[in-house]
Amino acid sequence: MSKHHMNFRYKKWLLSAASLILLLLSACSNSSALESAAQAGGEAGTDLKQVELIEGWYAKGEDGGYFAALQQNFYKEKGIDMTIQPGGPEVSTMQLVAAGKAEFGISYADEILKAREQGIPVVGILAGFQSTPQVLMYHKGENIQDFTDLNGKTVYIGTAVPYWEYIKSQYNLTDVKEMKYNGQLVNFINDPRSLNQGYITNEPYALSQQGVEVDYLKIADSGYANYADVLFTTEDYLKEHPDVVEAVVQASQKGWSYYLDNYEKVNPFIQTYNPDMTVEAMNYEAVQEKPFILNKESEANGIGYMTKERWSTLQDQMIKGGGLTKSLDVTQAFTTEYLMKP
């Protein structure tokens, strides 16, 4: 073989070897890039199902279970990338969820029944509170023992509040001066004979910080059978994404269990959503709300449990108070199918 042919073959071999090395380096580089991309995708949650939950009001301890589930990654563990959006006076949670602007919302059982009568097909899937923490506050020292003592009094109350319509009917309150509650407590503070709507978890504490001491009548003691802090979605979303609904419900239950024992760890996180709310106020909320979340029913059947009997009773009470005009099938208004059993 000539020297020329040997040089040519040698050069050809060198070129082939170099090409092979480049190929291997390229493959390694691409592999590393793919691994990095996969890791980045995992960290960004690209494989998670993105959903949004709109609160019924500003961020607070009364929604602590949902924030706990977010903070502790209980939603992510179930494959959910959850966003919590605070509500407020200008936010219609029911309408936004019904319009598909968010997948989940927080409201009351009576508001769900009202929405369904209006043709808005929403469904309750978890009741954070077994009974409502709503109260009618009055100045300490006033001679008020029961709802029957409200005749002759001034009551600051919202428009067409379902529990108030029921109470007026149930206790024959024909001589009450109703005044529009605008979200401010100054009128109540300045009128020592008046009452004001509120939450046992909130306003009594806020007023005490201003030197105003109050007592209150619990709305739950009136017999009003409402569930509060009800997580809901739409009928369509429930049918199309039952796996997502189950994941959100069960992560939320786990979040509530965590929050009840670890609220001091979660409340600073909630405050990042609502800087105007102090951690101390939220700690007060957490202590006050526990009896409304845990009772014999929820301890036996799990946090968030609901019954047909309660929903039916509530519907009857709303009809009596004028909040509803007719009976509907309450089993369409809620489901416990996706709750974890204890």
Side-chain angles (χ1 to χ4, degrees), residues 53 55-56 62-63 65-66 93-95 97-98 103-134 160-170 199 218-239 242 245-246 248-250 252-253 256 289 291-342:
L53 165 63
E55 293 183 89
E62 286 159 28
D63 296 335
Y66 308 107
T93 305
M94 199 72 69
Q95 294 291 344
V97 174
E103 290 76 19
F104 300 92
I106 299 171
S107 190
Y108 295 88
D110 55 10
E111 294 295 340
I112 288 173
L113 290 175
K114 281 176 65 178
R116 291 190 66 86
E117 186 176 76
Q118 295 164 9
I120 303 172
V122 287
V123 183
I125 50 180
L126 179 155
F129 287 49
Q130 290 294 308
S131 56
T132 177
Q134 293 164 307
V161 175
Y163 71 72
W164 176 240
E165 299 304 318
Y166 164 75
I167 288 171
K168 285 194 297 182
S169 173
Q170 180 71 8
Y199 288 79
K218 296 179 184 177
I219 302 306
D221 289 343
S222 72
Y224 193 60
N226 207 14
Y227 288 111
D229 206 78
V230 178
L231 183 67
F232 72 91
T233 188
T234 62
E235 286 182 358
D236 284 346
Y237 195 82
L238 198 59
K239 290 173 185 174
V245 173
E246 180 176 275
V248 169
V249 166
Q250 295 188 3
S252 299
Q253 283 182 285
W256 274 116
E289 70 192 23
F292 295 89
I293 297 168
L294 296 179
N295 65 1
K296 289 181 180 179
E297 275 189 358
S298 61
E299 287 174 355
N301 301 287
I303 288 176
Y305 188 69
M306 300 172 284
T307 69
K308 178 183 176 183
E309 290 72 25
R310 279 280 300 279
W311 280 84
S312 296
T313 298
L314 176 62
Q315 179 174 249
D316 292 343
Q317 291 172 336
M318 292 180 69
I319 292 172
K320 182 177 181 179
L324 294 174
T325 61
K326 60 185 177 181
S327 293
L328 299 171
D329 182 2
V330 296
T331 63
Q332 301 299 308
F334 81 101
T335 178
T336 59
E337 180 181 350
Y338 303 99
L339 294 169
M340 285 188 297
K341 304 300 184 288

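In this chain, numbering begins with 1 at the start of the sequence shown.
Taking 4.0 Å as the cut-off between side-chain N and carboxylate O, Lys168 and Glu165 count as a salt-bridged pair.
Looking at Asn295 and Ser298, their side chains come closer than 4.5 Å, going by heavy atoms from C-beta outward. Two residues are said to be in side-chain contact when any heavy atoms from C-beta on lie closer than 4.5 Å; Ile112 and Phe334 fail this criterion. Under the 4.5 Å side-chain criterion, counting only non-hydrogen atoms from C-beta, Gln95 is in contact with Ile120. Residues Phe104 and Leu231 have side chains in contact (heavy-atom distance under 4.5 Å, counting atoms from C-beta outward). In this structure the side chain of Pro133 never reaches within 4.5 angstrom of the side chain of Glu289, judged on heavy atoms. No side-chain heavy atom of Val248 sits under 4.5 Å from any side-chain heavy atom of Tyr338. Looking at Leu126 and Leu339, their side chains come closer than 4.5 Å, going by heavy atoms from C-beta outward.
At least one donor-acceptor pair closer than 3.5 Å links the side chain of Gln317 to the backbone N or O of Gly223.
Lys114 and Gly323 get closest at one heavy-atom pair: CG-O, 4.0 Å. Closest approach of Val230 and Gly124 over heavy atoms only: CG1-CA, 3.8 Å.
Within a 6.0 Å radius of NZ in Lys341, more than 12 heavy atoms belonging to other residues, nucleotides or ligands are found.
Atom OH of residue Tyr227 and atom CG of residue Leu314 lie 9.5 Å apart, to the nearest 0.5 angstrom. Between atom OH of residue Tyr199 and atom CD1 of residue Ile219 there is a gap of 10.5 Å, rounded to the nearest 0.5 Å.
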- Query: Can you check side-chain contact (heavy atoms from CB on, under 4.5 Å) on Trp256 and Ile293, steps first, answer last?
  - Reply: CA-CA 9 Å; Trp256 274 116; Ile293 297 168; 3.6 Å; yes

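Arg116 pairs with exactly one of Glu235, Gln332, Gln315, Glu111 by the side-chain hydrogen bond (donor to acceptor under 3.5 Å, both in side chains) rule, that one being Glu235.
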